[in-house]
Amino acid sequence: MATKLSVNINKIATLRNSRGGDNPSVVKAAIDCQKFGADGITVHPRPDERHIRYSDVREIKDIITTEFNIEGNPLEDKFVQLVLETKPTQVTLVPDDPGQLTSNHGWDTIGKAEYLRQIIAVFKNAGIRVSIFVDPMEEIVAAAAATGTDRVELYTEAYAKHFHDNKETAIADYTKAALVANAHGLGLNAGHDLDVDNLAYFVQNVPGLLEVSIGHALISDALYYGLENTIQLYKRQLG
Ligand code: PXP
């Protein structure tokens, strides 16, 4: 089965927020991304609501016909309540600090094992699939299996950064981490800095990759190629 493309629409909200008003509309963007072939929509509400707002998440929820993925830090009770209320297909837990520019590390699944077990159970008991954001380290992925999570999302910033220097070296840890996830029966997602150049090689070398979530590069490419062409271009990379 082809790897699914979930489009992160936070950047649409960032553009809208720069002027106030509702242009561009995140609801229209979500509808159009799905119409143009996206397999899912991702949003990442942060506590200061500088990108997607909590009210956007509630509105978008009603028009999702594909998979809805909400990312965020469950240390914020407001986030936990939002997810339980809107019941997305998947919640991706990310250990980002409130003011952080963008996510920059995965969970310590060893040190935070008990906390993760408890919070993951809250979402799973509500019937929501859970994925946790992790660095591509075999021991971290192996420990993730003990938390009860359904999936892990591999943090791909390091891959993207080194892809153009040496793609074989850049992918090595990800292939190894994927094999550990497969062996433990964990579903596998990936995201961060994936783009139209580095995506196909990643998918071809990471066994069992179920889903990628892509925001920054895809929305930036859409300025040049249009949203429909861009989504199709990314889908083609996924094979
Ligand atoms: N996955 C997670 C957990 C993220 O925080 C982000 C960025 O919000 C992404 C994926 C998407 O990253 P990018 O915008 O670089 O495609």
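We count ligands from 1, going down the list as the structure has it; atoms in each ligand are counted the same way. Nothing fancy with the numbering, it's 1 onward along the sequence.
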Next on the checklist: The test is salt bridge (Lys or Arg N to Asp or Glu O under 4.0 Å); show your working for Lys124 and Asp150 and say whether it passes.
Outcome noted: CA-CA 9 Å; Lys124 286 186 68 169; Asp150 300 296; 3.4 Å; yes
Next on the checklist: Within ligand 1, which atoms have a heavy atom of Ile214 less than 4.0 Å away?
Outcome noted: 16 (O)
Next on the checklist: Using 30° and 60° as the class boundaries, would you call the ring planes of Phe133 and His192 parallel, tilted or perpendicular?
Outcome noted: tilted
Next on the checklist: What protein heavy atom lies closest to atom 14 (O) of ligand 1? Include the residue and the distance to one decimal.
Outcome noted: His216 N, 2.9 Å
Checklist outcome for this item: Residue, atom and distance of the protein heavy atom nearest atom 11 (C) of ligand 1 read Ser213 O, 3.9 Å
Item to check | Part of Glu71 with heavy atoms under 4.0 Å of ligand 1, whether side chain, backbone, both or neither | outcome: side chain
Next on the checklist: Is there a polar contact, in the sense of an N or O pair closer than 3.5 Å, between Gly215 and ligand 1?
Outcome noted: yes
Checklist entry - Under 3.5 Å, is there a donor-acceptor pair linking the side chains of His44 and Asp96? => result yes
Item to check | Minimum heavy-atom distance between Pro88 and Phe68, given as atom pair plus value | outcome: CB-O, 3.4 Å
Next on the checklist: Under a 4.0 angstrom heavy-atom cut-off, which atoms of ligand 1 come close to Asn8?
Outcome noted: 8 (O)
Checklist entry - Do the charged groups of Asp48 and Arg53 touch, with an N to O distance under 4.0 Å? => result no
Item to check | Main-chain N/O of Asp195 paired to Asn198 side chain as donor or acceptor, under 3.5 Å | outcome: yes
Checklist entry - How about Tyr115: does its OH atom have over 12 heavy atoms from other parts shown lying under 6.0 Å from it? => result yes
Checklist entry - Of the protein's non-hydrogen atoms, which lies at the shortest distance from atom 6 (C) of ligand 1, and what is that distance? => result His192 CD2, 3.7 Å
Checklist outcome for this item: One finds that the ligand 1 atoms under 4.0 Å from a non-hydrogen atom of His44 are 5 (O), 8 (O)
Next on the checklist: Among all the protein's non-hydrogen atoms, which is closest to atom 5 (O) of ligand 1, and how far away is it?
Outcome noted: Ser103 OG, 2.5 Å
Checklist entry - Does any pair with a residue in residues 151-169 pass salt bridge (Lys or Arg N to Asp or Glu O under 4.0 Å), and if so which ones, sequence neighbours excluded? => result Arg151-Glu211
Checklist entry - Which atoms of ligand 1 sit under 4.0 Å from any heavy atom of Val94? => result 3 (C)
Next on the checklist: Residue-level breakdown please: for Glu153 versus ligand 1, do any non-hydrogen atoms fall below 4.0 Å on the side chain, on the backbone, on both, or on neither?
Outcome noted: side chain
Checklist entry - Should the proximity of Asp193 to ligand 1, defined as any heavy atom under 4.0 Å, be assigned to the side chain, the backbone, both, or neither? => result both
